[in-house]
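Presented below is the structure to which this report refers.
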Amino acid sequence: MMKVIRQIWKTPELRNSILFTIAMLVVFRFASHIPVPGVNAANLRAFFAQNQVLGLVNLFSGGALGNFSVVALGVGPYITASINFQLLSMIIPSLEEMQKEGEAGQQRINQYTRIATVPLAMLQAYGMITLLRQSQQPIIGALSPFDYAGILVTMTAGTLLLMWIGELISERKIGNGVSIIIFAGIIANLPIALQQAILTFDSTQVINLVAYAIIGIITVAGVVFITEGQRNVPVVYAKRMRGTRLMGGQETYLPLRANMAGVIPIIFAVSIILFPSMVAQLFIHAKTAWVAAAAQRTIGLLQDQIVYGVSFFILVFVFTYFYTAVVFHPDRVAENLQKQGGYIPGIRPGRPTAEYLMKTVNRIMPAGAFFLAVIAVLPIAIQNLTGTRSLAVGGTGLLIVVSVVIEIVSQVNAQLTMREYEML
């Protein structure tokens with residue numbers, strides 16, 4: 001470990017990239033503590049404590065939404081825009097052609113994603129302000145049109161700032177910038193959770209805390225196992241004559257991960273579950289009695305732990321299949337293998353290869369989907385099992401933290417290995 005750290009410190013480019021990333025994360029954490037004017041912080045914290053879905057959204061904003069800071073929306077609108085363009089590329093031929101153009105096409109899609117982030121951020125900011133103004137306890141006071149517009153512009157600018165920071169971090173090639181920002185927000189909440197656990201510690205909860213620690217260790221081990229788990233499909237490249245040299249003839253493998261979707265299905269599920277609750281909050285004080293009653297029943301139904309947990313589990317499981325179908329294209333993989341002279345032993349190139357890959361993915365996907373669904377509902381199960389809410393195991397948070405750490409380690413090791421080859 002110390003040897004690797006010394007190697008990193010002795011490599012100027014890698015050292016500067018890490019220091020730059022740390023500096024950008026400091027800027028992010030500083031901005032997350034700059035509140036929007038006119039917000040009652042105490043009532044806001046109480047409101048988020050009562051709403052578990054909004055608490056999960058607050059997780060993805062790194063706690064900035066709980067403070068209703070200038071970066072309260074986090075990178076959520078940018079992630080939403082990215083997901084939308086990935087989905088649109090399946091039905092719009094021009095976007096699909098851009099994806100096939102390589103880096104140039106990806107840059108154009110990234111530019112469209114940045115542009116789409118602006119209206120999405122403004123729309124989400126408007127919905128969040130409206131939701132907070134509908135709460136029973138006053139969180140945001142009376143706003144003039146100028147104040148309303150100022151808050152919308154400020155929160156949108158905060159999202160664009162984080163988007164820019166995330167892209168700057170990604171350019172340093174030590175990990176995905178957006179994931180690292182979310183990772184930093186989750187880690188920043190740990191001291192607060194530990195402080196609350198210490199202040200509310202009771203000798204009668206020792207068994208619960210031991211059970212929490214054991215389940216936490218098992219969860220981390222499971223996250224690592226599933227995140228790194230993959231099915232290696234053997235691939236052989238045929239020998240070819242290029243000039244006077246014989247090329248090819250190599251044996252390698254095509255890795256198919258058990259969890260190709262990452263945490264995207266959880267984000268999808270959060271959006272679906274959050275939507276009815278947010279809409280119902282807007283009509284809870286409606287003048288029409290049946291509308292107000294329906295809104296109240298909707299909110300009460302989603303606050304039921306069993307209904308919420310079962311719905312969340314099913315949505316995550318279904319969206320894992322859906323998003324895997326979006327990001328994994330067996331036809332393209334089979335086509336690329338055929339162009340490169342590669343084939344799977346015992347499988348004919350072309351369509352039979354694509355069918356074999358799809359069949360293999362369908363066999364390993366249920367394990368990844370079930371794992372993601374269990375991780376998503378893990379906080380509810382731990383809270384009900386231990387009765388400790390201050391140290392509930394955040395399954396989604398653990399999944400993000402472990403995944404980001406694994407990605408950073410692999411990227412750093414790859415750069416160190418590349419430097420060693422350059423020195424030979």
Side-chain angles (χ1 to χ4, degrees), residues 1-32 60 62 64 71 74-75 78-79 81-82 86 98-99 101-114 117 157-188 190 220 223-224 227-228 230 250 252-255 257 259-260 262-264 327 336 397-424:
M1 181 68 180
M2 294 303 300
K3 181 181 179 181
V4 175
I5 295 176
R6 285 195 295 268
Q7 288 179 338
I8 293 174
W9 189 254
K10 291 179 180 179
T11 306
E13 294 182 6
L14 191 55
R15 181 182 67 235
N16 294 337
S17 296
I18 294 176
L19 293 177
F20 177 83
T21 301
I22 294 174
M24 290 296 99
L25 294 181
V26 170
V27 173
F28 158 59
R29 293 310 304 165
F30 177 77
S32 65
F60 289 102
V71 292
V75 290
Y78 181 64
I79 294 175
S82 300
Q86 288 181 358
M98 285 185 193
Q99 283 190 335
E101 291 177 2
E103 185 177 353
Q106 191 60 45
Q107 287 180 355
R108 293 174 61 188
I109 293 178
N110 290 341
Q111 185 64 25
Y112 294 152
T113 303
R114 298 185 192 104
T117 300
T159 295
L160 296 181
L161 173 65
L162 293 187
M163 179 186 69
W164 179 58
I165 290 176
E167 293 186 352
L168 289 178
I169 294 175
S170 297
E171 291 176 358
R172 300 287 172 162
K173 297 181 180 180
I174 60 171
N176 183 277
V178 173
S179 300
I180 291 176
I181 288 175
I182 298 175
F183 164 82
I186 297 172
I187 295 299
L190 287 181
V220 172
V223 169
V224 174
T227 302
E228 291 294 287
Q230 63 186 30
Q250 298 179 350
T252 181
Y253 61 86
L254 178 68
R257 290 192 173 273
N259 178 21
M260 294 185 183
V263 295
I264 298 299
V327 298
N336 292 333
L398 280 176
L399 179 63
I400 295 173
V401 168
V402 175
S403 301
V404 171
V405 169
I406 291 174
E407 182 182 7
I408 292 175
V409 171
S410 67
Q411 294 259 10
V412 170
N413 288 334
Q415 292 202 38
L416 289 176
T417 303
M418 184 178 63
R419 297 297 189 281
E420 290 179 359
Y421 278 118
E422 291 177 353
M423 293 174 63
L424 295 177

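Treat the numbers as computed from the prediction; the structure is a model and nothing was measured. When a residue number appears, it is its place in the shown sequence, counting from 1. As a basis for the values below, the full set of heavy atoms in this structure was taken, side chains included, without hydrogen atoms, waters or symmetry mates.
Within the 4.5 Å cutoff, side-chain heavy atoms of L160 are placed close to those of M163. Using a 4.5 Å cut-off on side-chain heavy atoms (C-beta onward), I408 and I180 make contact. Considering only heavy atoms from C-beta on, L14 comes within 4.5 Å of I174 through its side chain.
I109 contributes atom CD1, which lies 10.5 Å from atom OG of S82 (distance to the nearest 0.5 angstrom). The distance from atom CE of M24 to atom CH2 of W164, rounded to the nearest 0.5 Å, is 6.5 Å. The distance from the CZ atom of R172 to the CD1 atom of I18 is 11.5 Å, given to the nearest 0.5 Å. To the nearest 0.5 Å, atoms CG (L25) and CD1 (I165) are separated by 8.5 Å. For the atom pair CD of Q230 and CG of L254, the computed distance is 9.5 Å after rounding to the nearest 0.5 Å.
Among the candidates I187, I79, V404, the single residue satisfying the side-chain contact (heavy atoms from CB on, under 4.5 Å) test with I182 is I79.
In E167, the CD atom is crowded: over 12 heavy atoms of neighbouring residues, nucleotides or ligands sit closer than 6.0 Å.
Using modelled atom types and a 3.5 Å distance limit, the side chains of R108 and Q111 yield no donor-acceptor pair.
Scanning both residues, S170 and G177, for their nearest heavy atoms gives OG-N, 2.8 Å. When all heavy atoms of F28 and I181 are compared, the pair lying nearest together is CE2-O, 3.5 Å.
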